[in-house]
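Below is one structure; the comments refer to it alone.
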Number of protein chains: 2
Amino acid sequence: MQTDTERNFKDKLYEQFARIGKSLSNPHRLEILELLAEGERCVEDIAEITGTTIANTSQHLGVLRASRMVEIRRIGNNINYRLADENVFYLLQSLRALGETRLAEIDRITRDYLEDRASLRAVTASELADELVNGNVILLDVRTVEEFQEEHIQGALSMPMETIENNLYNLPKSREIVAYCRGPYCVLSDHVVAYLNTQGYSARRLSDGYPEWKWRGFPVEIGGKRLDA
Amino acid sequence: MQTDTERNFKDKLYEQFARIGKSLSNPHRLEILELLAEGERCVEDIAEITGTTIANTSQHLGVLRASRMVEIRRIGNNINYRLADENVFYLLQSLRALGETRLAEIDRITRDYLEDRASLRAVTASELADELVNGNVILLDVRTVEEFQEEHIQGALSMPMETIENNLYNLPKSREIVAYCRGPYCVLSDHVVAYLNTQGYSARRLSDGYPEWKWRGFPVEIGGKRLDA
DNA sequence: CAACTATTTTAGAAAATAATTGAATAGGTT
DNA sequence: AACCTATTCAATTATTTTCTAAAATAGTTG
């Protein structure tokens, strides 16, 4: 029923696809990929953020590079890693979608940590894009100033979480507010939205955070430069 | 900057996602998943088609079951395995898309094997769905009769590859023909389409085969029963 | 060019995974 | 109930992966 050439073809083919699968088989590498979905980072930063040693991080990055999922760029003394293209992000999203629907453990873990997210209203990237055009929404980037300067959604205001309280006078209650942060597992915008709601604002969170916005091709500013879809 | 709870959360979270990643890290398991995307199969069949032993196949299926990517159903003496839901298929598609765009090796391997595919016209699942409604297209299922009986696209004619020649008189040249087979790496429809074109027909192949059609929710018949989108 | 810095490589130990074989089991079938 | 059959389990061996610490490297900066 099956020819040798066909078997040989499939063996070689799936061996190649498994290179990508192997890259996805380690928790650290998944965390690195998710981190890089936010923007490029140097090895040292990746190591610190993910709580591993530099040597170990370097090895994981090597694996990711061998499977062509990430690319590098030298900046001064640093080597910055970034996702190779939008297909990598889409793959991560599919993985996340599957995990969230099929693995009860993930549901339990996120529920424990993202306690009150269920009570907060969310807006998807494309919904927000529409609302921004109409112009009746204030968009808050609640990550750190450094992250904002690195890159952010076009038209967003930098408002790191801890600065909110002192800046309420800048926020008119007449307008809708949307807050965003790093990604789907970041709680910064949850806190801000919950707080603003207690203060009488109508606030929502961007559902999947900055990476989703960026990789779907919605307009961003990177290093001060505007990049449109 | 990072709290213990946050690190602990991320460690537990990515450990779970890595369960799925690990499932994707072995070539045999990828081939099994792709096979199951066509429809459910018992262990013995999976082993034979993928060219491995039953015990080995059983172990790989065990891994896939532990990560909730496949489910089982007992039929008589057999245990049939199937994809757990459409998210598994979408993940496979993302993996395929990434591999095909980023890994030069995959391009080379598929080009060698699918020699003349580039010269054949293809039609996507949603395009075909539209054309079928308009009714001016003949749809040929060129897989085996057994596979057709198991499940097929609603409205398709069973026309196993080796029966084409003797059935040309049944195919009016006035109508467009579309042929489909197992999946993106199956060559059956390539051969049929190429042959029909030499015989003066206007024939195209369904771009990603039966699995794409099925999991995107287009109408199929499974075991003689119609299932609409 | 020398010194420095960020990153990669190497080597080695521990842990995890994969394939093989043969025995065990759970279900249906007779 | 005894029997069959398809599948799983268990034990073993070979291979691969992960991590650490130390050494090496490449590229930038002074």
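All chains are named by letter (A, B, ...) in the order of the sequence lines, taking the proteins before the strands, and each is independently numbered beginning at 1. None of the values given here were measured: they were computed from a predicted structure. The basis for the numbers below is simple: all heavy atoms, side chains too, and nothing from hydrogens, waters or symmetry mates.
Nucleotide C:dT8 holds its C1' atom 15 Å from the CG atom of A:L64, rounded to whole Å. The distance from atom CD1 of B:I72 to atom C1' of D:dT8 is 11 Å, rounded to the nearest whole Å. Nucleotide C:dT7 holds its P atom 14 Å from the CZ atom of A:R73, rounded to whole Å. Between B:R74 atom CZ and C:dT25 atom C1' the separation is 10 Å, expressed in whole Å. Atom CG of B:L24 and atom P of C:dT17 are 14 Å apart (whole Å).
Comparing the axis of the opening five pairs of the helix from C:dC1-D:dG30 to C:dT30-D:dA1 with that of the closing five pairs yields an angle of 30°, rounded to 10°.
Residues B:S67 and B:S23 have side chains that bring a donor and an acceptor to within less than 3.5 angstrom of each other. Of the N and O atoms on the side chains of A:Y210 and A:E151, at least one donor lies less than 3.5 Å from an acceptor on the other residue. Checking B:Y14 against A:E34 by side-chain atom types alone, a donor-acceptor pair falls below 3.5 Å. Between B:T52 and B:T57, the side chains place a donor N or O and an acceptor N or O closer than 3.5 Å (distance only, hydrogens not considered).
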Handout entry: Audit row: A:L91, A:I20, side chain to side chain contact (heavy atoms under 4.5 Å, CB included) steps and yes/no
Key = CA-CA 10 Å; A:L91 176 59; A:I20 297 173; 3.8 Å; yes

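Applying the ring pair (Phe, Tyr, Trp, His ring centres under 6.0 Å) rule to A:Y185 yields no partners; only residues at least two apart in sequence or on another chain are considered. Here B:L139 pairs with B:L128, B:L132, B:I153, B:A156, B:V178, B:Y180 under the side chain to side chain contact (heavy atoms under 4.5 Å, CB included) rule; sequence neighbours left out. Taking B:Y90 as the reference, nothing meets the ring pair (Phe, Tyr, Trp, His ring centres under 6.0 Å) condition, with sequence neighbours excluded.
Atom CZ of A:R143 and atom CZ of A:F148 lie 8.0 Å apart (nearest 0.5 Å).
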Polar atoms only, N or O, under 3.5 Å: list the protein pairs with nucleotides 18-20 of chain C and their distances.
residue, atom, partner, partner atom, Å
C:dA18, OP1, B:R29, NH2, 3.2
C:dA18, OP2, B:R29, NH1, 3.4
C:dA19, OP2, B:N56, ND2, 3.4
C:dA19, OP2, B:H60, NE2, 2.7
C:dT20, O4, B:Q59, NE2, 3.0

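Within residues 76-83 of chain B, the residues approached by DNA chain D to less than 4.0 Å at the level of any non-hydrogen atom are B:N77, B:N78, B:I79, B:Y81, in residue-number order.
Salt bridge status for B:R216 with B:E212: present, with a side-chain N to carboxylate O gap under 4.0 Å.
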